[in-house]
Each structure stands twice: as structure tokens, then as C-alpha cells.
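Residue numbering restarts at 1 for every chain, and letters A, B, ... go by the order of the sequence lines.
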2 protein chains.
Amino acid sequence: MAPDQGAARLTPAQRLAWLRLIRTENVGPATFRQLINRFGSAEAALEALPSLIRRSGKSVRIASQSEAEDEIAGLTRYGARLVASSDPDYPPLLHYIPAAPPLLTLAAGPNLDWQRTVGIVGARNASAAGVKMTRLLATDLGDRGYTIVSGLARGIDAAAHQATLTTGTVAVLAGGFDRIYPAENIPLAHAILDHGGALLTEMPLGWEPRARDFPRRNRLVSGLSLGIVVVEAAKRSGSLITARFALEQNRDVFAVPGSPLDPRAEGGNALIQQGAKLITSAADIIETLGSADPSRSALFDRDWEPDPAPDAPPPSADDKSRLLAALGPTPIEVDELVRQSGLSAASMQMLLLELDLAGQIEWSSGQLVALRY
Amino acid sequence: MAPDQGAARLTPAQRLAWLRLIRTENVGPATFRQLINRFGSAEAALEALPSLIRRSGKSVRIASQSEAEDEIAGLTRYGARLVASSDPDYPPLLHYIPAAPPLLTLAAGPNLDWQRTVGIVGARNASAAGVKMTRLLATDLGDRGYTIVSGLARGIDAAAHQATLTTGTVAVLAGGFDRIYPAENIPLAHAILDHGGALLTEMPLGWEPRARDFPRRNRLVSGLSLGIVVVEAAKRSGSLITARFALEQNRDVFAVPGSPLDPRAEGGNALIQQGAKLITSAADIIETLGSADPSRSALFDRDWEPDPAPDAPPPSADDKSRLLAALGPTPIEVDELVRQSGLSAASMQMLLLELDLAGQIEWSSGQLVALRY
């Protein structure tokens with residue numbers, strides 16, 4: 001069961017509050033959800049933020065009403081819109097990944113099938129054979145009714161989109177809607193939209209993608225897909241990061257094998273050795289995906305106590321010291337932190353929110369927390 | 001425990017009787033073992049054969065004493081010798097395969113390690129990359145102390161032998177010692193012997209290899225090896241037959257992956273999909289073989305009753321009809337045959353020997369029997 005399915009559609013005011021909250025500094029999808037859980041709504045969280053930020057001791061910029069209004073107006077000019085996780089047109093498979101974006105920017109043809117999806121990723125410096133293989137796989141999958149998801153990068157990504165313009169393709173961006181990268185693929189992005197495909201990002205309009213935004217984007221490529229196919233990938237490549245996300249999200253990982261003498265095959269071959277399925281055709285993929293069930297993936301859920309009593313006393317400076325002493329560079333479960341620090345769940349929740357907003361902690365897969373160095 | 005280990009070395013007369021028996025028409029390794037089990041020795045089996053053959057109703061030629069003596073003299077001229085499964089220098093891993101040859105013809109340097117062995121097989125029309133990969137794997141395995149086993153064919157086989165001339169290599173022939181195939185690899189065969197490697201066959205001197213002798217030979221390539229590596233193999237190729245034998249013999253199967261666009265990679269990729277280990281280096285192989293234990297393979301054993309009383313009445317013509325009625329094209333277990341036909345185990349054994357000698361039945365993996373059509 002998707003966490004937000006069945007919720008009422010957001011009012012324009014609520015949508016604006018959601019946008020302000022997710023665009024606030026140091027508020028990622030995980031912190032967003034905690035704030036909503038703690039305060040009951042985005043509006044209430046925005047009201048509580050100034051005092052939380054004061055207590056955190058850092059200066060954190062809250063996105064203003066007018067900035068949010070400007071972004072919505074800007075997106076409209078690009079033919080894009082905001083889709084909240086509670087909206088019926090939110091891509092359904094994303095409900096099942098940890099730290100799913102509460103808001104997506106989306107420009108999409110209405111006829112895409114978001115339930116039967118395959119991600120295809122691979123090397124930017126793809127070989128001619130790799131591009132040909134991608135074209136064969138993507139075309140066959142498209143003809144069999146699958147929507148192809150990829151990252152609009154050079155090489156394999158571009159070949160996957162190109163081959164499925166007419167059957168349905170989704171490009172996930174690492175930056176803002178107006179910051180398509182690489183620039184050479186701007187015409188491809190337009191072709192995708194012209195053919196009824198989708199462009200999608202969780203980043204704000206105007207956001208220039210940084211190196212770290214690409215792995216973050218990759219979790220959406222896998223999160224939107226029942227399974228991902230790695231066509232050519234060197235060791236330590238972005239495609240392997242996508243494969244790791246797919247495993248975390250309980251999605252299938254497929255890899256195209258290649259000669260051990262070809263460095264572009266190292267990543268795929270290594271994935272197969274680690275348990276990814278060796279595939280040589282779309283049929284191999286479809287055979288497995290026939291029984292794929294994304295909902296078998298654990299929902300994002302931190303097992304919080306029910307909302308603490310609103311009149312619980314705010315945590316003390318001493319509580320904060322105890323929490324910081326219990327935290328370290330190694331990710332640890334919140335339950336374990338509660339045990340080690342002796343703090344109440346309510347105090348723990350408030351303190352983690354403060355540290356989150358101050359950018360002092362980071363979450364792994366939304367479940368484990370560590371100090372950020 | 002190997003079935004024949006610890007047995008006394010054969011006397012020259014016994015060795016001659018073994019050779020006559022195994023060279024007798026329609027006597028393969030399985031029938032040979034049944035005859036020895038039934039009659040106690042090769043000499044006794046040779047004495048019993050004329051009456052068995054009479055009862056079978058076919059004309060079956062028994063190898064004569066002088067033919068056997070001629071073969072031994074001929075082998076000596078080639079620097080080769082007969083090695084019986086009871087001899088201490090019989091390749092130890094062969095003890096654990098179904099239908100192990102009772103006698104091998106062997107010309108071998110005394111310093112080969114027959115316990116740490118890897119078979120390398122692949123396409124005759126190998127690509128340059130396939131040959132290079134073979135050379136890399138074979139050289140590394142040889143340097144790490146492994147003896148390389150192959151079939152002296154063109155392409156991958158030849159590359160595997162060539163790369164391991166100085167570290168230890170074994171070529172298994174499909175025909176007689178004086179019928180090396182293909183002729184272009186006769187110099188390679190000589191080089192193997194010159195460097196202390198081994199040439200080995202179960203076929204008689206003068207035997208021109210027929211198509212069906214190659215798969216038969218392949219069971220020895222895998223049987224001599226802890227595991228086999230398939231480097232390049234088309235679908236329905238001899239290398240895949242070797243892989244199937246290796247699985248039946250409980251040996252490891254390794255395959256080198258390749259691009260799905262390359263037909264020479266089809267066999268290897270398919271093997272990996274079916275569970276063979278994808279390998280890209282000798283290290284991958286050694287990691288697995290470190291814990292390989294060939295004796296975990298089921299010994300060849302048909303679960304006969306202990307030798308039937310020698311004075312048991314010979315089976316009747318009616319018994320034979322009942323057995324033939326119970327047999328069909330689908331291989332069936334002997335125990336099941338006993339149940340279906342109602343024959344005694346003693347009668348069953350004698351009748352199967354008769355049918356075997358008459359060439360009317362064939363055994364799968366030494367365990368299941370079917371009518372030959």
C-alpha cells in the first residue's frame with residue numbers, strides 16, 4: 001500500500017507550502033516527511049521552522065512564498081507541473097522507495113505506462129556495439145509495451161531514449177527543468193516531449209546539477225523502474241550506483257555481459273558475478289519482470305512513535321550533547337540511538353530534526369543516521 | 001573412496017585380459033564393469049563371453065590375444081602405455097566419473113599434477129580475442145600450479161595447450177594414439193610430449209575418430225578436471241557437451257562472458273544463465289576450485305545385488321521377452337525394471353549383459369538403461 005495513496009488532492013495553498021518546505025535548505029525528502037509527521041502539515045511545519053532553526057544554532061534559509069510562486073510560474077512556461085506524492089498522477093513505483101521525493105517536476109504525455117517500466121543505463125563513452133545492443137533491447141521492450149526510463153546522458157542513456165521515442169520514454173534530470181545536461185541532448189529532450197514522453201526532476205527550476213546530484217538522480221531512475229538493465233559500465237561508474245539503488249529498492253538488476261578484455265564490460269560482468277541476471281535479449285528481461293512486484297520493497301518508514309504530545313517539553317542542551325556523543329561516522333539505527341542515549345523518542349525526533357536542518361547528520365536509505373563530516 | 005584404489009597391480013596376463021575384454025565389440029566401460037562384477041575377473045568374463053554371445057543371438061567379435069599383444073607392442077613404439085583403473089598412476093579424478101574407462105592409453109611426463117586440473121574448451125573457429133583470453137587464463141592457471149586439460153582441437157583447445165606447454169598440459173584424443181586429429185595439431189602433440197605433458201585416449205591404436213567419439217572424449221576432458229572453462233562456444237557446440245558432462249560429474253563449470261551480438265558468446269552466456277560461474281580471470285576460477293572436491297560426485301555404482309549365485313539357472317527366453325517389453329526409448333532405472341518385469345536381479349543382470357553385448361541397449365550416465373534404436 002503506497003503511503004500517500006488515497007489522500008485528498010492538495011489545495012493550491014497546501015501545494016505551495018509543500019514546495020516551500022521541500023525547497024528549504026537542508027530539507028530533503030526524509031526530513032520533509034519527518035516534519036510533516038511531527039507537525040501534521042507543511043503549513044504547520046513552516047510555522048515551526050524558525051524556532052527549530054534557532055535551536056539548531058545554524059542559519060538555515062526557508063524558501064519564501066514568492067520564490068515558490070515564481071517557480072510554479074516558471075514551470076508553467078516550460079509546460080511542466082508539480083506532482084505531489086499524494087497526487088493520483090505521481091509515478092506509482094516511486095511510492096515504494098526510501099526517501100521518495102514529496103514533489104516532482106514533471107512534463108509528461110498522459111499516455112505513458114508508469115507501471116511497466118524498465119530502466120536502461122550505461123556508459124557515456126559507449127561502444128558502437130553497446131549502442132546497438134541498447135537499441136535492440138529498448139526497441140523490443142518498447143514494442144512489448146514497456147516504458148523505458150533513463151538519465152538522458154550521452155551514450156547508452158541517449159540511445160535508450162532515442163529508440164523508444166514512439167513507444168514511451170522517461171528522462172530523469174539531475175538538475176532543474178531549465179538546466180538540461182548535457183546541452184547536446186537538449187534536442188533529444190524536446191523530441192521526448194514532442195512524442196509524448198516525459199521529463200522529470202525533483203530539483204528546483206534553475207538548479208545547475210552538481211556531481212553529487214547524479215547519483216541522487218539515479219535512485220529515481222531505478223525507483224521508477226521494475227528493473228534496470230546495465231548495458232556497458234566500467235568499474236566505479238554511475239551505472240553501478242543505479243544498480244545498487246535498484247537492489248536497495250528491491251528492483252531487478254539485469255546486466256549485458258561482455259568480453260573480459262573490454263573494460264566497458266567490467267561493471268556488467270561484476271554485477272552478474274554478484275547476482276544480477278545475465279541477459280542477452282528483451283525476452284530474458286520480460287520473463288523475469290512478468291512476476292516483478294515493486295510493492296514487495298519495504299516502504300519508507302522509520303518506525304517513529306506516534307506523534308509525541310505537542311506539549312512535550314523541548315529537549316535540553318544536555319539531551320543534544322548526549323545525542324551527539326552517541327552519533328558517529330558509522331550509520332546507526334534510530335532505535336539503537338534511543339537505547340544508547342536514553343533519550344525519549346519525542347526528544348530524539350526533535351533533536352534529529354534540528355541536526356538535519358543544521359546539515360549535521362545524514363541518512364542512509366532513510367533508515368540509518370550518521371554524523372556528516 | 002575410489003572404487004579400484006588399493007587393488008593389487010594387474011599381472012601382465014590380467015592386463016592382457018582387461019585389454020581383450022574392453023576391446024571386444026559392444027563392451028564399453030559400463031559393460032566391462034558389469035562383466036567383471038558378474039564373473040569376478042576379466043579372464044573369467046572372457047571365458048563366459050562365447051556362451052553369453054550365443055544366447056544374445058548376435059555375432060559379436062571378441063578381441064583376440066594376438067590383437068591385444070599387437071596393440072601393446074604398437075603403443076610401446078609410440079612411447080605410450082596402458083594404465084588400468086587399478087593402477088596407481090591412473091588419473092585420480094577419473095575414478096569419480098560414471099563409466100570411467102577401465103584402461104587408458106597414456107604417454108605422460110611423470111611430473112604432472114593430476115589432482116589440480118582445469119579443463120579449457122571452446123570454439124574451433126575462435127576469435128582473436130577468444131584465443132587471447134584463453135592464453136591469459138591458461139598461463140595464469142599454469143603459473144598457479146594447475147594442469148590444463150583440453151582436446152587438442154583447433155582454436156581454443158590448441159591455444160590452451162600451447163600456453164601451458166611448460167607448466168603442464170594434458171591432451172585427450174578422440175581416436176587412437178596413432179590417429180591424432182586434426183593433423184595440423186600433430187606438431188603440437190609432439191611439443192606436449194617433449195615438454196613433459198600428456199597425451200591420453202581410451203580408444204584402440206589405429207582407431208580413426210568418428211563424430212560420436214568426440215562427445216565421448218569430452219567426458220574425459222571434464223572427468224580429468226576439477227572444473228572446466230568454456231571460453232567461446234556457439235549454441236549446440238561440443239564445448240556445451242563438455243559442460244553438460246562436467247555437471248553430471250559434479251565438476252565446476254566456468255564460462256567467459258561475451259557480447260550478445262557475438263554468436264561465439266552464445267554458449268557461454270547461456271551456460272551462465274543456467275548457473276555456470278561467470279569468470280573474467282584465473283583468480284575467479286582458483287577462488288572456487290580451492291574448495292572443489294571431486295569425490296563429492298556420486299561414484300559409478302548400479303546398486304547390483306551382490307554377485308548372484310553362480311549356479312542360478314540361466315534366464316529363459318520368456319524372461320528376455322518380459323525385459324524387452326519393459327524397455328523403451330526412455331531411459332529407466334534398473335530397479336524400476338526389476339519391479340516392472342518381475343525378474344530376479346540375477347536374471348536381470350544376465351539379460352542386460354546379453355542385450356548390451358548385442359548392442360541392443362544403451363546406458364545414460366551408467367545409471368539408466370534404454371533400448372537403442
Side-chain angles (χ1 to χ4, degrees), chain A residues 120 122-123 126-141 156 159 163 227 229-235 240 243 252-289, chain B residues 120 122-123 126-141 156 159 163 227 229-235 240 243 252-289:
Chain A
I120 300 186
S127 71
V131 167
K132 180 175 176 188
M133 193 66 213
T134 303
R135 213 161 49 221
L136 289 171
L137 290 174
T139 304
D140 275 11
L141 287 167
I156 300 299
V229 186
V230 177
V231 178
E232 280 189 331
K235 281 191 168 166
L240 298 194
D252 284 300
V253 178
F254 306 98
V256 175
S259 165
L261 300 175
D262 179 357
R264 276 174 292 224
E266 275 185 40
N269 288 342
L271 282 175
I272 295 165
Q273 287 183 320
Q274 290 154 28
K277 294 192 181 64
L278 181 154
I279 60 106
T280 63
S281 67
D284 288 342
I285 298 166
I286 291 167
E287 189 182 288
T288 298
L289 288 187
Chain B
I120 300 184
S127 71
V131 166
K132 182 177 176 187
M133 194 66 211
T134 304
R135 214 162 47 219
L136 288 171
L137 290 173
T139 303
D140 275 11
L141 287 167
I156 301 298
V229 185
V230 177
V231 178
E232 280 189 331
K235 281 190 169 165
L240 297 194
D252 285 300
V253 178
F254 306 98
V256 176
S259 165
L261 301 175
D262 178 358
R264 276 174 290 223
E266 275 185 40
N269 288 342
L271 283 175
I272 295 166
Q273 287 183 319
Q274 290 155 27
K277 294 192 181 65
L278 181 154
I279 60 109
T280 64
S281 67
D284 288 342
I285 299 166
I286 291 169
E287 189 182 287
T288 298
L289 288 187

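Here the closest non-hydrogen pair linking B/Pro257 and A/Pro260 is O-CD, 3.6 Å. Closest heavy-atom contact between A/Asp284 and B/Gln273: OD2-NE2, 2.9 Å.
Heavy atoms of A/Ala129 lying under 4.5 Å from chain B belong to its backbone as well as its side chain. With a threshold of 4.5 angstrom between heavy atoms, B/Asp262 does not approach chain A through any atom at all.
Between the NZ atom of A/Lys132 and the OG atom of B/Ser259 there is a distance of 9.0 Å, given to the nearest 0.5 Å.
Each of B/Val256, B/Leu278, B/Ile279 was evaluated against A/Asn269; a single residue qualifies, B/Leu278, per the side-chain contact (heavy atoms from CB on, under 4.5 Å) test.
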